[in-house]
Amino acid sequence: MLPAGGRANVLPPLAVDIDGTLTDDRRALDARVIPALREWAAEAPVVVATGKALPYPVALCEFLATPVRVIAENGGAVYIDRGDAGDGDLRFTGDREAAAAVARDYEAEGYDVGWGRTDFVNRWRETEFAVAHDSPLEPLERIAADHGMSVVDTGFAYHVKSPDVDKGQGLRAAARVLDRDPAEFVAVGDSENDAELLALVGRSFAVANADAAARTAADTVCEAGYGDGFLEAVETVRTEFAD
Ligand SMILES: O=C(O)COP(=O)(O)O
Ligand SMILES: [Mg+2]
């Protein structure tokens, strides 16, 4: 739970996942989350925390016209606007070379990383590599382990990443920049790549479509899934903070 003494009627800072939380099951953004995120960002910091490559959450914040505050690549890339646009520091953590070597060895064994000829999923990644969910997992995990890397399943892709990099580590870095305690945050997510984040914050929600890891890590499992689940979490927090 959030620390006692939270200011009444002031929303806590939010860390929110994208795929499976702000979207539907096809990764399409639920348009109703746009006003909800804008309203929250007008009251407290909103950090978009995703496994997607950096340009995607940056673009989402730009299109929302909210400060660019993002944890991308499962914590491998963190950028937090302090106040004025562009005044933040871009921070990368993770072993991109090892992730690329895993992808090369995986393809050398005849497997397809997926995403077609122009790979927009990995084109702008700096610290990890994502493989399509319909490609075989067992050889990917074996090859990743050979390179000292781990594989996390986001429900939409398998991400080859450094074992000590995750969204929880990313939130610690983001909280430092925002001069907040991670325990002050609310977080909403849907899969195992959110587990460290959901366990770290003071108040966490797993949407109804969440996998076992996210459900176990969260304080509350929403009745509703996907964007509906996120909106349910927003209403719950607003009620809890409306003194
Ligand atoms: O890109 C993915 O595979 C998942 O992204 P997410 O962390 O926003 O759910
Ligand atoms: Mg997700």
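Atoms within a ligand are numbered from 1 in the order they appear, just like the ligands themselves. All values reported here derive from a predicted model rather than from experimental measurement. Along the sequence shown, residues are numbered consecutively beginning with 1.
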Query raised in the report: Are H147 and D95 linked by a side-chain donor-acceptor pair shorter than 3.5 Å?
Result: no
Report task. Any atoms of ligand 1 less than 4.0 Å from a non-hydrogen atom of T50? List them with their elements. Result -> 5 (O), 6 (P), 7 (O), 8 (O)
Query raised in the report: N74 to ligand 1: N or O pair under 3.5 Å?
Result: no
**Report entry** Ionic contact status for R96 with E73, cut-off 4.0 Å
**Finding:** no
Query raised in the report: Hey, are the side chains of D219 and R203 touching, using non-hydrogen atoms and a 4.5 Å cut-off?
Result: yes
**Report entry** Ring centers of Y158, H133 separated by less than 6.0 Å
**Finding:** yes
Requested in this report: Kindly indicate whether the side chain of S162, heavy atoms from C-beta on, has any atom under 4.5 Å from the side chain of T127.
Outcome: no
Query raised in the report: Are R91 and D89 close enough for a salt bridge, meaning some N to O gap below 4.0 Å?
Result: no
Query - Residue, atom name and distance, where the atom is the protein heavy atom closest to atom 6 (P) of ligand 1 - result: D17 OD1, 2.9 Å
Query - 2.8 Å cut-off met by an N, O or S atom of D194 to the Mg ion (ligand 2) - result: no
Query raised in the report: Under 4.0 Å between a Lys/Arg side-chain N and an Asp/Glu carboxylate O for R32 and D228?
Result: yes
Query raised in the report: Taking side chain as C-beta onward, heavy atoms only, is P13 less than 4.5 Å from W40?
Result: no
Query raised in the report: Can an N or O of I18 be found at a distance shorter than 3.5 Å from an N or O of ligand 1?
Result: yes
Report summary line: Here the vertex angle at the Mg ion (ligand 2) for OD1 of D17 and O of D19, given to 10°, is 110°
Requested in this report: Record the part of E73 in heavy-atom contact with ligand 1 below 4.0 Å; permitted values are side chain, backbone, both and neither.
Outcome: neither
Query raised in the report: Quick one: does F156 get an N or O within less than 3.5 Å of an N or O on ligand 1?
Result: no
**Report entry** Location of contacts on D194 toward ligand 1, heavy atoms closer than 4.0 Å
**Finding:** neither
Query raised in the report: R27 near ligand 1, heavy-atom distance under 4.0 Å?
Result: yes
Query raised in the report: In D190, the N, O or S atom nearest to the Mg ion (ligand 2) is which?
Result: OD1
Requested in this report: Mark up the atoms of ligand 1 that fall under 4.0 Å of a heavy atom belonging to N193, in ascending order.
Outcome: 7 (O)
Query raised in the report: What protein heavy atom is closest to atom 5 (O) of ligand 1, reported as residue, atom name and distance in Å?
Result: D19 OD2, 3.4 Å
Query raised in the report: With respect to N193, which candidate in N74, T154, D211, D153 satisfies the side chain to side chain donor-acceptor pair (under 3.5 Å) definition?
Result: N74
**Report entry** Min side-chain heavy-atom separation D19-D190 under 4.5 Å
**Finding:** no
Query raised in the report: Mind checking whether H159 has an N or O less than 3.5 Å away from an N or O of ligand 1?
Result: yes
Report task. Could you tell me whether S191 and ligand 1 have an N or O pair separated by under 3.5 Å? Result -> no
